[in-house]
Structures are given as structure tokens and as C-alpha cells.
**Student:** 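Supplied in C-alpha cells, the structure appears directly below.
What you see below is based on every heavy atom in this structure, not just the backbone, and it leaves out hydrogens, waters and symmetry mates. Proteins come first, then strands; the chains are lettered A, B, ... in the order of their sequence lines, and each starts at number 1. The structure presented is a predicted model; accordingly, all values stated were derived computationally and were not measured.
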4 protein chains.
Amino acid sequence: MSFNTFGHMFRVTTWGESHGPAIGCTVDGCPPGIALSEADLQPWLDRRKPGTSKFTTQRKEPDEVRILSGVFQGVTTGTSIQLMIENTDQRSKDYGDIAQSFRPGHADITYHQKYGVRDYRGGGRSSARETAARVAAGGVARAVLRALVPGLAISGYMVRIGTKGIDRARFDASQIEQNPFWCPDAVAAEEWAQYLDDIRLNHNSVGGVIEVVATGVPAGLGAPIYAKLDSDLAAAMMTINAVKGVEIGDGFDAAMLTGVENADEIRMGADGPEYLSNHAGGILGGISTGQPVVCRFAVKPTSSILTPRQTVNTKGNEVDLITKGRHDPCVGIRAVPVGEAMMACVVLDHLLLDRGQTGGVRGKIG
Amino acid sequence: MSFNTFGHMFRVTTWGESHGPAIGCTVDGCPPGIALSEADLQPWLDRRKPGTSKFTTQRKEPDEVRILSGVFQGVTTGTSIQLMIENTDQRSKDYGDIAQSFRPGHADITYHQKYGVRDYRGGGRSSARETAARVAAGGVARAVLRALVPGLAISGYMVRIGTKGIDRARFDASQIEQNPFWCPDAVAAEEWAQYLDDIRLNHNSVGGVIEVVATGVPAGLGAPIYAKLDSDLAAAMMTINAVKGVEIGDGFDAAMLTGVENADEIRMGADGPEYLSNHAGGILGGISTGQPVVCRFAVKPTSSILTPRQTVNTKGNEVDLITKGRHDPCVGIRAVPVGEAMMACVVLDHLLLDRGQTGGVRGKIG
Amino acid sequence: MSFNTFGHMFRVTTWGESHGPAIGCTVDGCPPGIALSEADLQPWLDRRKPGTSKFTTQRKEPDEVRILSGVFQGVTTGTSIQLMIENTDQRSKDYGDIAQSFRPGHADITYHQKYGVRDYRGGGRSSARETAARVAAGGVARAVLRALVPGLAISGYMVRIGTKGIDRARFDASQIEQNPFWCPDAVAAEEWAQYLDDIRLNHNSVGGVIEVVATGVPAGLGAPIYAKLDSDLAAAMMTINAVKGVEIGDGFDAAMLTGVENADEIRMGADGPEYLSNHAGGILGGISTGQPVVCRFAVKPTSSILTPRQTVNTKGNEVDLITKGRHDPCVGIRAVPVGEAMMACVVLDHLLLDRGQTGGVRGKIG
Amino acid sequence: MSFNTFGHMFRVTTWGESHGPAIGCTVDGCPPGIALSEADLQPWLDRRKPGTSKFTTQRKEPDEVRILSGVFQGVTTGTSIQLMIENTDQRSKDYGDIAQSFRPGHADITYHQKYGVRDYRGGGRSSARETAARVAAGGVARAVLRALVPGLAISGYMVRIGTKGIDRARFDASQIEQNPFWCPDAVAAEEWAQYLDDIRLNHNSVGGVIEVVATGVPAGLGAPIYAKLDSDLAAAMMTINAVKGVEIGDGFDAAMLTGVENADEIRMGADGPEYLSNHAGGILGGISTGQPVVCRFAVKPTSSILTPRQTVNTKGNEVDLITKGRHDPCVGIRAVPVGEAMMACVVLDHLLLDRGQTGGVRGKIG
């Protein structure tokens with residue numbers, strides 16, 4: 001993996017800053033002959049785009065994606081696909097404070113130290129806006145997966161905002177699209193609305209936890225040792241802005257289990273092995289089992305808040321900083337479609353890798 | 001990253017199975033002129049080797065590492081370094097059950113499905129024995145770091161075994177080497193001994209959580225977007241056997257914080273910026289801040305236990321399986337030196353990447 | 001290296017088809033703080049652009065390059081640089097013959113066989129138009145080299161068109177920019193003009209040989225074994241459309257020399273070792289010597305000609321094919337700036353790799 | 001590609017010095033279930049090993065290869081394969097001159113300048129001995145190709161030694177194994193014996209040209225733009241010691257052809273397209289056509305000769321140097337099996353890459 005590329009065979013290279021003319025990505029290694037148009041990608045971008053509720057940034061971006069290469073007469077050609085999204089809402093404004101001072105908890109200071117220069121407008125390259133390119137790439141991955149593995153589905157949702165988690169007993173997948181939080185628990189969603197309003201009105205922000213599940217993933221994807229499916233998922237999720245933790249299956253709770261409890265026992269079903277539980281989150285030894293692949297990641301609270309925080313500026317002066325502007329009270333909300341996109345890209349990448357090495361043949365059981 | 005290689009510039013490729021003639025790794029991209037001998041590497045391997053207490057597998061392996069290339073007259077030559085560790089305790093035994101049946105929670109079944117064949121002796125390639133090669137490579141990384149960044153130190157320890165965590169108020173670094181658990185809390189260590197004895201006598205196993213901290217890491221290592229220091233750490237730790245979760249800094253707890261709480265405020269010290277807290281775990285925007293880099297990972301309980309579990313075999317028959325043999329009641333213990341090794345490799349890799357791209361020059365503050 | 005990316009640290013990913021809306025590339029790993037604007041890149045593109053004489057295709061493309069990311073306030077930021085060139089002269093025309101029939105000697109048939117679909121308009125992805133993106137990336141590399149290695153210079157020129165070579169005794173670097181062939185031999189240039197006119201009027205095309213020389217390259221760039229400077233140059237040049245051979249230094253002539261003749265003897269100069277000859281082309285063991293790096297590559301004749309050739313179409317019918325359109329009688333001419341660009345990218349890539357691994361320190365002599 | 005690794009999916013990482021305890025390589029990404037034993041590899045190594053005639057170095061090395069991992073019960077497991085060859089003929093001797101002085105035309109000086117240290121014993125890492133590891137890896141590739149593409153065959157031979165080329169009219173494949181030069185022209189082989197004896201007795205050496213042909217390569221392998229089959233072949237061949245030029249098909253001669261001549265016209269055969277000629281060397285647009293893949297490379301004369309040459313030493317003194325020891329009068333001879341091995345690795349790599357991206361489906365003609 002290089003600085004701006006992820007993936008082994010299905011490789012995505014992103015570019016662009018928050019307030020430059022455009023952002024985008026190159027998708028390399030896409031299988032040929034897959035039906036693809038902007039209309040296949042736009043719905044995914046619409047899910048991520050800002051300004052859809054009062055709980056996300058009020059920046060207005062249509063986030064219209066254009067396919068500039070790699071598609072001919074409605075199908076992918078196997079060559080590199082360029083996806084571009086123009087930035088349209090780069091308000092002319094005074095960036096004075098942010099330009100010279102470093103937001104505590106933000107990449108401002110580390111970019112400055114590493115590079116000696118940074119595009120401070122809207123966070124520049126470190127802006128979560130970069131994730132729009134991932135969502136576009138994820139749309140390509142989904143189109144390919146739909147063609148190659150028809151039953152595969154990917155679903156992301158929030159399981160926690162700040163101190164408020166969901167109740168798994170109330171989990172209802174049909175609720176996810178019914179509230180601005182991608183929350184599968186209708187009761188929690190109402191609670192979150194009130195909670196997040198308070199956070200926002202108090203000039204504060206809060207973190208969250210997103211869970212992404214892929215069902216219908218065939219057994220045998222992933223590879224020992226350093227191309228483990230879970231390692232690639234962990235890397236992919238950890239590259240999303242503000243993510244501070246990643247779990248597979250039971251994750252950190254697995255550390256508290258005994259071997260007797262943690263064993264996902266196996267019985268023989270009509271179509272092969274069936275598991276009595278899924279502590280493993282669908283991955284054993286870095287390779288998919290055929291069960292749902294379950295990944296969770298934690299997003300820290302946005303560092304851009306209206307409450308003053310102590311910091312320093314480029315001159316080395318100590319200052320108090322308030323971050324004006326249009327920011328997400330819980331940036332985790334818009335990370336849901338991003339997590340889904342990363343899951344799609346990683347799963348497809350491993351599907352291609354696997355058929356490259358093994359031809360897609362599977363060892364028999366029974 | 002390919003199947004058996006990790007790292008960008010400081011690249012490690014491992015090979016070998018648990019019960020083959022040897023295991024080892026190739027270290028590529030090592031800086032030249034670094035003093036290195038087997039004596040520099042062996043102490044790290046001794047920390048990981050089995051059989052040092054009743055809490056780890058009773059397999060007896062001297063784990064003697066040999067340098068077969070890349071070192072001349074006591075210094076690295078800049079060419080590839082081959083490290084080999086012979087396997088000496090491959091007991092001749094009947095692998096009957098394991099050969100045909102799949103341990104629940106183990107990679108047995110996924111290797112079989114993916115490849116149609118697996119070396120079932122001691123877990124073959126999926127054995128934790130592979131991690132000895134990483135520890136050897138980590139020893140090389142430490143030797144280089146000692147030369148290039150004299151003040152840098154890496155320390156790993158356990159903060160949880162099963163349901164028993166440490167008390168941070170009793171954290172004492174000097175305790176880490178004083179008990180068989182790498183536990184920084186002397187009281188917890190005693191409790192763990194009793195707890196783990198019970199687990200072991202009940203033919204069970206248990207998980208754990210390891211924390212690895214690197215101090216003295218210069219600001220500016222890591223890179224946006226897909227070569228983030230935290231993403232590479234997450235990938236590296238997640239490749240360790242049985243790891244199910246990775247956190248940076250406050251990790252999942254950060255999801256419960258507000259932006260006001262999570263902001264690591266900055267003041268101006270004598271030598272540059274100083275932070276009033278370290279929720280970020282030393283990384284902002286994927287780039288090191290100069291604070292301690294803090295990484296935690298969760299290890300699930302060993303799936304090889306003496307308690308029967310329901311499973312199937314290659315013929316598709318349902319069977320109950322007991323895993324005889326010499327296994328770790330808490331495999332997390334021996335993961336501590338492995339986590340340290342991965343931290344050393346990742347930090348060095350980014351040090352080399354950074355000086356490649358930037359020349360190591362830093363943006364000034366003040 | 002993936003399908004559309006080249007380079008290790010200074011990595012270039014290109015995208016776009018001849019008749020799509022645009023082409024471009026992402027430059028990853030560029031050092032920060034380098035002065036860069038479109039004005040630095042455009043002159044290189046102008047050298048490659050079509051329609052500048054009757055000896056190149058009459059397609060009219062302004063080839064205006066835009067920097068969409070990675071540059072802020074006139075300097076590179078260390079993040080990915082997106083360069084885009086819009087396609088403006090995609091004439092609406094009937095591609096009937098080319099769409100269904102395969103030009104002999106062209107990638108038409110292999111793209112069709114591999115992918116089952118191809119963008120036949122103007123050659124699609126296989127068009128030499130892709131090389132404009134390389135020239136733009138090469139402009140970035142040159143800007144970085146100018147800052148990091150002030151004395152380094154790169155010069156490309158033609159040494160052969162078809163059966164007509166240059167006379168080395170008449171080599172005059174000042175002539176290169178004085179004729180439409182980048183020919184350093186004024187007499188040969190006149191001869192070539194007549195020769196190529198005949199070729200063109202006879203509805204034919206012809207090949208050529210380009211030599212690219214980099215002077216001022218420091219000793220020590222490149223690396224054993226599979227990152228040899230000459231191996232990377234060979235790969236880079238061989239990726240240019242229509243290239244069928246690459247040589248370093250004496251190249252194939254070296255096979256005819258004896259060891260006594262081929263030895264570039266060394267004497268001690270004021271600033272270090274000096275060589276009495278340069279059969280090696282500035283590279284020994286894959287590492288630069290400090291002498292001029294000399295690379296030559298052969299370009300086959302354009303396969304798009306107005307003379308009918310026998311071929312088949314997608315239906316498997318045998319047909320005779322004439323390629324109408326605006327084609328280069330000697331595509332090698334426009335490959336000169338492309339070869340220079342590849343040299344610039346490869347040398348810079350190795351400069352960054354070297355300072356990553358060694359810190360740029362050199363072993364002393366004397 | 002890193003310093004010591006080549007290949008995309010079928011990746012080979014080599015290690016070892018000429019006079020260290022052993023050399024070897026790790027083969028990563030090998031398909032599972034392929035029958036493989038040392039007996040499959042040894043014959044290829046025997047072809048390359050020194051001391052088989054008076055025309056190669058008199059160093060005596062049995063070059064016995066051991067498989068240390070990745071094979072179980074006679075078949076590949078899909079995990080990394082470690083191949084090791086012990087060095088047995090490292091004569092204890094005085095390296096005085098070579099240790100401090102730089103052979104003109106040899107990597108001595110560049111390794112010293114880059115790394116500040118070098119293993120001077122027998123050339124260390126720059127020794128052609130490294131190619132034994134490639135031949136072993138090539139043996140693995142051949143075993144896989146035999147299973148996946150039964151009709152594929154790879155043949156290498158010399159077409160030139162010094163000033164003496166073969167006569168293509170006398171080309172007889174059955175002669176290749178009948179003389180110590182892998183020469184397909186029996187008359188030339190006799191001439192070469194006399195010529196090379198003279199060279200050797202005159203304390204000199206000479207270069208050569210090797211041609212490697214792969215027949216039965218399916219159409220569709222390789223990929224635009226930077227994973228072109230010919231680019232990867234060029235890179236692979238150029239990494240072989242002493243290689244200074246690489247050609248595909250007509251190579252440099254193609255520069256002298258017209259488009260009319262160079263067009264490989266296509267007719268429809270019983271099984272698909274058939275070509276009336278093969279100027280292209282089986283590759284168009286970087287993708288195989290199904291015709292024989294033809295690659296040629298030039299090897300310079302060995303720089304280790306018994307005739308004194310002017311050079312300098314590490315102290316900066318000017319000296320005359322004679323290289324004593326057991327050297328090849330024409331190192332190109334032993335490069336033949338190495339070139340075959342590289343061809344096998346590259347073709348297999350692209351076979352796996354192709355089925356990863358496209359699933360191995362081919363676009364239809366007719």
C-alpha cells in the first residue's frame with residue numbers, strides 16, 4: 001500500500017482536497033464487462049453527502065460523480081476507471097485562525113510538522129471529504145460483486161453515539177433507513193436525536209461506533225499471513241477519518257471469553273458446514289468461513305467545535321481556538337456509507353485475489 | 001502487501017510451518033552499516049519462546065535464530081537479511097483427529113476450504129509459531145531504531161486476561177518483567193496466576209488484551225491517506241494469530257467522549273509543542289505527534305482445548321473433538337513480544353518512508 | 001506495480017482513453033514544498049503534443065494540463081497530485097471498420113480477447129495519448145529533481161528513423177531542438193525529412209530509436225536485485241506504446257565486446273573516481289556510478305497505415321483493412337519527450353528510495 | 001516491487017550472498033495442490049550449476065535445493081515456499097585485492113558507494129550465484145504451468161557469443177542440449193568452442209545474446225499499461241547479472257521496418273486467429289496474442305578477468321587490478337537457464353493476475 005492507494009488487485013487511488021476544484025479516485029484492476037454508469041454510483045454518494053439532516057454538516061454539496069474513463073458503451077473495459085466529483089461549495093471565507101493555529105485533536109499540526117505546508121482550507125487533504133471518493137469506488141465494487149456473487153449484501157449502521165448504545169434485542173434492519181442515524185433500533189434513534197441536539201447546541205461533538213456486516217461472502221476469501229481478510233478490513237477501516245479502533249466479530253469482548261465459550265461449533269447442513277454461533281465474525285485464520293463478516297469501528301468526536309480549546313499556532317504562541325464553520329456534531333453518522341464502501345472494496349479485492357491464486361476451487365467437506 | 005510480506009520499505013517476508021524443518025523470514029530494505037549479530041536478536045526470541053512457565057505451551061523449542069545473509073563483518077550490508085529458526089521439537093505423533101477434523105474457532109476449516117490441502121501438523125502455517133519470525137525481524141528493526149532514533153523505546157504488556165483487567169492506578173513498568181504475564185500491576189499478576197491455573201485445570205483457555213507503547217517516536221511519521229501510521233499498526237496487529245480487535249489511544253472509549261473531552265490541548269514547551277493529554281494515542285491524521293504511540297489489541301482464547309466441542313470432519317461427519325497436545329491456556333501472553341516486534345517494524349518502516357519523501361525535514365513551530 | 005501504476009515511492013497512476021472526456025494521472029509520494037504550477041508542466045506537454053509538424057498526427061489537441069490537487073499556494077503539499085488534460089479533438093466519426101476489425105500489429109485484438117470489450121475510438125486506452133499523462137508526471141519529477149539535485153539534466157533525442165541512423169561524429173546537442181525529429185545530427189535531420197515524406201506519401205510508417213541521457217545523476221541510486229535502476233528503466237521504457245527493445249549503455253553491442261574492452265577503467269579525479277569510458281551507461285550492478293545514465297529504446301512503426309493489410313474481424317471473417325485517420329508516420333518522434341519523462345520519474349523514484357534506505361550517505365573513496 | 005522481490009501475485013523474494021552459508025528464495029502466491037518435490041526442481045538447477053564444462057567457472061557447487069516450507073504430502077499448500085541452497089565451495093582464500101579495490105565494470109564500486117560496506121567475498125550479493133535461487137523459483141513456476149497450461153513450453157538458447165552469431169537457417173532445437181553453449185546451430189557451436197578457448201587462454205571474457213521463447217502461452221496474458229507482459233519481461237531479464245539490453249520479437253530491428261512490413265497479418269484458422277508472421281514476438285499492447293512469446297537479452301562480458309585493468313581502491317589510490325579466481329569466460333552461457341526461469345515466473349504471474357481480474361474468460365472471435 002502506498003500513501004494514497006489501497007487494495008491488492010482491486011486498487012483505489014484517491015486524490016483531492018476539501019476546497020480544491022475536485023476530488024476523485026482511480027479504480028484499477030476492475031473486472032471487464034460489468035454494467036456501470038453514474039446512476040449506479042450516485043445513490044451511494046447521496047447517502048454520504050452532507051446537509052441531509054441537522055445532524056450533519058450544513059455544507060451543501062451535490063456530490064455528483066462523473067465517470068471519466070474505463071467504461072465504454074455501458075460496461076467496464078478492464079482499464080482504469082476515473083471517478084471525479086467537483087467541489088461546488090467552497091465558500092470564500094477568512095481562514096485566518098485555522099490557517100495559523102492547530103485544532104487540538106486534528107491533523108493540522110501533524111501535517112504541518114511532516115510537510116512544512118498544508119492546505120488549511122476545510123482541512124485540505126485530511127478532510128473527511130476524501131471519503132466521498134471511497135464511496136464512489138465502493139459503488140464500483142458493489143456493481144462487480146452484484147455480478148460475480150449475486151447473494152452478497154453489505155449493510156452498515158450505527159450501534160452507538162457517545163454514551164448511548166443500541167439495544168440488540170430491538171435490532172430491526174428495516175429501521176436503518178428510517179432515521180438520520182442509520183440506527184437499527186427505533187427507540188435508540190429517538191433518544192439519539194435529543195442527545196445529539198443537546199451536544200450540538202452546547203457547541204460540542206461526540207463519537208460513535210459503526211458496525212458493517214457482509215452476508216453471502218463465500219468461504220475461502222482472505223489469505224495467510226499478511227493478506228488476512230481481517231487485517232485488510234482493519235487497515236481499511238482505520239484509514240477512515242477519526243477512526244480509533246476496529247473489531248472483527250466479538251472483538252475486544254472475545255478477550256473476556258473462554259475457549260469453550262468462543263468456539264463456534266459446527267454442524268453439517270444441507271449445503272455444507274453450518275455454525276452454531278459467530279463469535280469469529282465470519283473469519284478464521286484470516287480467511288472467510290461463509291458466515292456473515294462482521295466488522296465494527298469506533299469514531300472519535302469531531303475536533304472542530306465551537307467551544308474554545310487551548311492550542312498553539314505556527315509562530316509558537318499559545319492561543320485559545322474556536323473552530324467556526326459547518327461541522328458534523330457526530331462525524332460517525334456519515335462514516336456509515338464509508339464503512340460499507342470499504343467493506344465492498346476489501347471483499348471484492350479478496351475475491352479477485354482468491355480466484356487468481358486458487359482459481360476459485362474450494363476444498364470439499366463431505 | 002502480498003500474502004506473506006508486510007511493510008513498505010522495511011519489508012518482512014515470512015515462511016515456514018510449525019512442524020516443518022524450519023521457519024524464518026527475509027528482511028528487505030534494511031539500512032546499511034547497522035551493527036547486528038545473532039546475539040542482538042536472541043533475547044527477543046527468548047522472551048517469546050514457549051515453555052518458560054506453566055502458563056505457556058510446554059513445547060520445548062530453543063528458538064535459536066541464525067543470520068544467513070545480509071550481514072558482513074558485524075554490520076548490515078543493505079541487502080536482504082535471512083533469519084532462520086530450526087524447528088527441533090516436532091514430536092512424532094498421531095495427528096489423526098486434527099488431520100481430518102476441524103477445530104471450532106481454528107483456521108483448520110478455512111485453510112481446507114480455500115486450498116483443498118493443509119499441513120495439519122501443529123497448525124501448519126496457521127500456527128502461532130510463525131510469530132517467532134516476526135520477533136526476529138522486530139529485533140532487526142530495534143537494532144536499526146537504536147542507531148537512528150536513540151531515545152525510542154517500545155514496551156508491551158498485558159492489561160487484561162479474560163475477565164480480569166489491571167488497575168491503572170497500580171501501573172508500575174518495573175513489574176512487567178517480574179511475572180510470567182508481562183503484567184504491570186503486581187496485584188493483578190497474582191490474581192491472574194490463580195485465575196489462569198483454574199482455566200487450565202478446567203481444560204479451558206481464555207483471551208487477553210495487550211498494550212504496546214512506543215515512546216520517543218518523532219513527530220511526522222505516517223502519511224495520509226492509506227499509509228496512515230495507525231492503519232499500518234492496525235493491519236500489523238490484526239495479522240497476529242487470534243487477534244480480533246485493535247485500538248489506538250482511547251480506541252473504542254473515544255466513541256463515548258465529547259469533542260471537548262477528547263481534544264488533546266496543546267501548550268508550548270521548551271522543545272516545541274506539548275500536549276496536556278494523549279487521547280489520540282500519539283497519532284493525528286495518521287501521522288505521529290511526538291507523544292507516545294499507544295496501541296492495544298485483543299486476543300481471543302486458544303481454540304485448542306481439552307474440552308470436547310462439536311464439529312465436522314473432512315468427510316462431512318459430525319464429531320466431537322478434543323484437542324490434545326501442548327497448548328497455551330492464554331495465547332495472549334506470548335503475543336506480547338510479538339506486538340512489540342510489529343510496533344518496531346511499523347515505526348521503522350515509516351521512519352524510512354518519511355525520510356524518503358520529506359528528507360526528514362520538519363515544519364517549524366515557533 | 002499494478003496495472004496502471006508505476007514507481008515505488010514516487011508513484012504515477014494514469015487513467016483515460018483517447019476519445020473519452022479527459023486523461024490524466026495521480027502523482028503519489030511527491031516531496032513537499034516544491035514550487036509547482038501548470039506553467040512548469042505545460043512546456044513539456046507542448047513538446048509532445050500532436051500537430052506541430054507534418055511528421056506527426058494532425059490531430060489538434062492543446063493538451064492543457066490542470067493541477068487539481070496536491071499543490072497549495074504554489075508549492076507541493078506532499079499529498080497526491082492530480083493532473084488532468086481534457087480531450088478536445090474527439091471528432092465525431094464513423095469508427096465502423098476499426099470497431100469490428102483488428103489492425104494487424106495493434107492492441108485491438110489482444111484487448112478484445114482479454115477483456116471481451118474495448119473502447120475502439122482512437123485506440124481507447126491503448127492509444128499513445130496515454131503518454132501525455134506521463135509527460136505531465138515527468139514534469140513534476142523534473143521540478144522535484146531541479147530542487148533536490150540542481151545539476152541533473154535529462155535529454156532525449158532520436159538516433160535512428162527506419163533505416164537511417166545518425167552519425168555520432170556529427171552529434172551536436174544544440175541541434176536537437178532545431179528540427180522536428182529531435183535529431184542531434186543536422187545532416188541526418190535533412191535526410192530524415194525527405195525519407196519520412198516518402199514513407200508518408202506511400203501510405204506507410206516507419207520505426208525509430210530514441211536515446212535518453214541523464215547527466216548529473218549522483219552515484220548510489222538503484223538497488224540490488226529487483227529494484228535495479230536499469231531494470232526499472234527497462235520496465236518504464238518498455239511500457240511506452242510500440243517499444244520493442246531497451247538498452248543500457250552499449251546494450252546489445254556489449255555482447256560483442258571482450259571483458260578487456262568493456263571494462264570502464266577508473267582513475268582518481270579531484271572530486272572522486274573518474275571513468276575513462278562509459279560502456280556501462282552509468283549503471284553497475286543496478287546502481288548508478290555518477291556517470292551519465294544512458295538508455296536507448298526501439299519503437300516499431302505505427303500499425304495504423306493507409307495501406308491495406310489482411311486481418312479478421314470480431315465475427316471471424318477475413319477482411320482487408322485500411323486505417324483511415326490522422327496518424328504519425330513515425331510515432332517514435334513523439335516518444336522522445338515521453339522517454340525523457342520516464343527517465344525523470346525513475347531517477348527521482350530511486351533518489352527517494354535511496355534516501356529512505358541509506359539516508360543519502362555515501363561510502364567514501366579516498 | 002521491493003529491492004529483493006519480483007512478481008505481482010506469484011512473488012519471489014531472494015536472499016543470500018555468494019560466500020555466506022546459503023542462498024535461497026521465498027515463493028509467495030503459489031497455487032495450492034500442485035505436485036512438487038525437490039526432484040522437480042533439481043534438474044533445472046543442474047542446468048545452471050557451475051563446473052559442467054571448461055567454459056564455465058570451475059567452482060564446484062552441487063547446488064542441492066531443499067524445500068523448507070509450503071509443500072505437504074507432495075503438494076503445494078498455497079502458503080509461502082522456502083527454497084534453500086547451501087553454499088559448499090566457499091574456499092578459504094585471501095580476498096585482499098578485491099576487498100579493497102574495485103573491479104572496472106563490476107558492482108564493487110557502486111555497492112561501496114551506496115552502502116559504505118559490501119561483502120566482497122565472491123561478489124557477495126552481486127554475484128551471479130543469486131540466480132540459482134531464481135532457477136529454483138522458476139522450477140516451481142514450471143510445475144504450476146505444467147498443471148494449469150499443459151501445452152506451454154519454454155526454451156532458452158544462445159544466439160550469439162561475442163562476435164559470433166548463429167545462422168538462423170541452421171536452427172535445430174534438438175541441438176540445444178547437445179553442446180555446452182545451449183546453441184541451436186551445431187556449426188556455430190563448434191566455432192564457439194574454439195573462439196571461447198582463445199578468449200579464455202588470453203585471460204579475457206566475452207559477452208553473448210540469449211533468446212528465450214515460450215510457446216503455448218494463451219492469448220490475453222499481460223495488462224495495460226504498467227503491467228504489460230513485455231514490460232515485466234524486460235524488467236525481469238534486466239535484473240539478471242550483466243544484462244544490458246532486452247528485446248521483444250524483432251526488437252531493435254523493428255525500428256528499421258515499415259508499418260507494411262511489420263504488420264503481422266491475421267487469417268482465420270480452425271481454432272481462431274492465426275498470424276502470418278511474428279514480428280511482435282507474441283505480444284501486442286502488452287498482452288499475449290497466443291503466438292510464441294519471444295524475448296532476447298544481451299549479456300556483457302564478465303568483468304572478472306586475468307588481464308590487468310586500471311582502477312582505484314577504497315583509499316583512493318590508483319591501482320592495476322587482476323581478478324584471480326574461477327570465473328566464466330562467457331557468463332552468458334549460464335544465463336540461459338536463468339532467462340528461462342524468469343520467463344516461467346513472469347508468464348505464471350500474469351496467468352494468475354489474468355484469472356484474478358477476468359476469471360480467464362476470453363473475448364470471442366467468430
Side-chain angles (χ1 to χ4, degrees), chain A residues 1-2 5 7-11 13 26-34 69-70 72-73 75-82 140-141 144-145 147-149 218-229 285-287 347-364, chain D residues 1-2 5 7-11 13 26-34 69-70 72-73 75-82 140-141 144-145 147-149 218-229 285-287 347-364:
Chain A
M1 248 183 239
S2 71
T5 298
H8 305 265
M9 280 204 75
F10 183 84
R11 293 168 65 85
T13 302
T26 309
V27 176
D28 195 0
C30 184
I34 306 292
S69 69
F72 182 61
Q73 297 181 336
V75 297
T76 59
T77 59
T79 61
S80 49
I81 300 169
Q82 179 63 216
V140 177
V144 180
L145 287 169
L148 299 185
V149 193
L221 306 195
I225 300 290
Y226 301 113
K228 283 178 168 159
L229 182 58
I287 301 170
V347 169
L348 175 58
D349 190 25
H350 275 283
L351 190 81
L352 303 184
L353 273 179
D354 177 71
R355 76 176 181 182
Q357 190 190 15
T358 72
V361 178
R362 288 289 88 105
K364 284 185 188 159
Chain D
M1 250 185 236
S2 71
T5 298
H8 306 264
M9 281 205 76
F10 184 83
R11 292 169 66 85
T13 303
T26 308
V27 177
D28 195 358
C30 184
I34 306 293
S69 71
F72 183 60
Q73 297 182 334
V75 298
T76 59
T77 60
T79 62
S80 50
I81 300 170
Q82 179 63 216
V140 177
V144 179
L145 286 169
L148 299 185
V149 192
L221 306 194
I225 299 290
Y226 302 112
K228 282 178 169 160
L229 183 58
I287 301 171
V347 169
L348 174 59
D349 190 26
H350 275 283
L351 189 81
L352 302 185
L353 273 178
D354 177 72
R355 76 176 182 182
Q357 190 190 14
T358 72
V361 178
R362 288 289 88 105
K364 285 186 190 156

**Student:** Please rank Gly33(A), Gly359(A), Pro224(A) by heavy-atom pairs under 4.5 Å with chain D and give me the top one.
**Tutor:**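 Of the options given, most contacts go to Gly359(A).
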
**Student:** If you measure from CG on Asp354(D) to CZ on Arg355(A), what distance do you get to the nearest 0.5 Å?
**Tutor:**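 Asp354(D) CG to Arg355(A) CZ: 9.0 Å, rounded to 0.5 Å.
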
**Student:** Ignoring hydrogens, what is the shortest heavy-atom contact between Gln357(A) and Met9(D)? Give both atom names and the distance.
**Tutor:**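 Where Gln357(A) meets Met9(D) most closely, the heavy atoms are N-CE, 3.7 Å.
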
**Student:** Among residues at least two apart in sequence or on other chains, which ones pass side-chain hydrogen bond (donor to acceptor under 3.5 Å, both in side chains) with Ser69(A)?
**Tutor:**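 So Ser69(A) forms no side-chain hydrogen bond (donor to acceptor under 3.5 Å, both in side chains) with any residue.
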
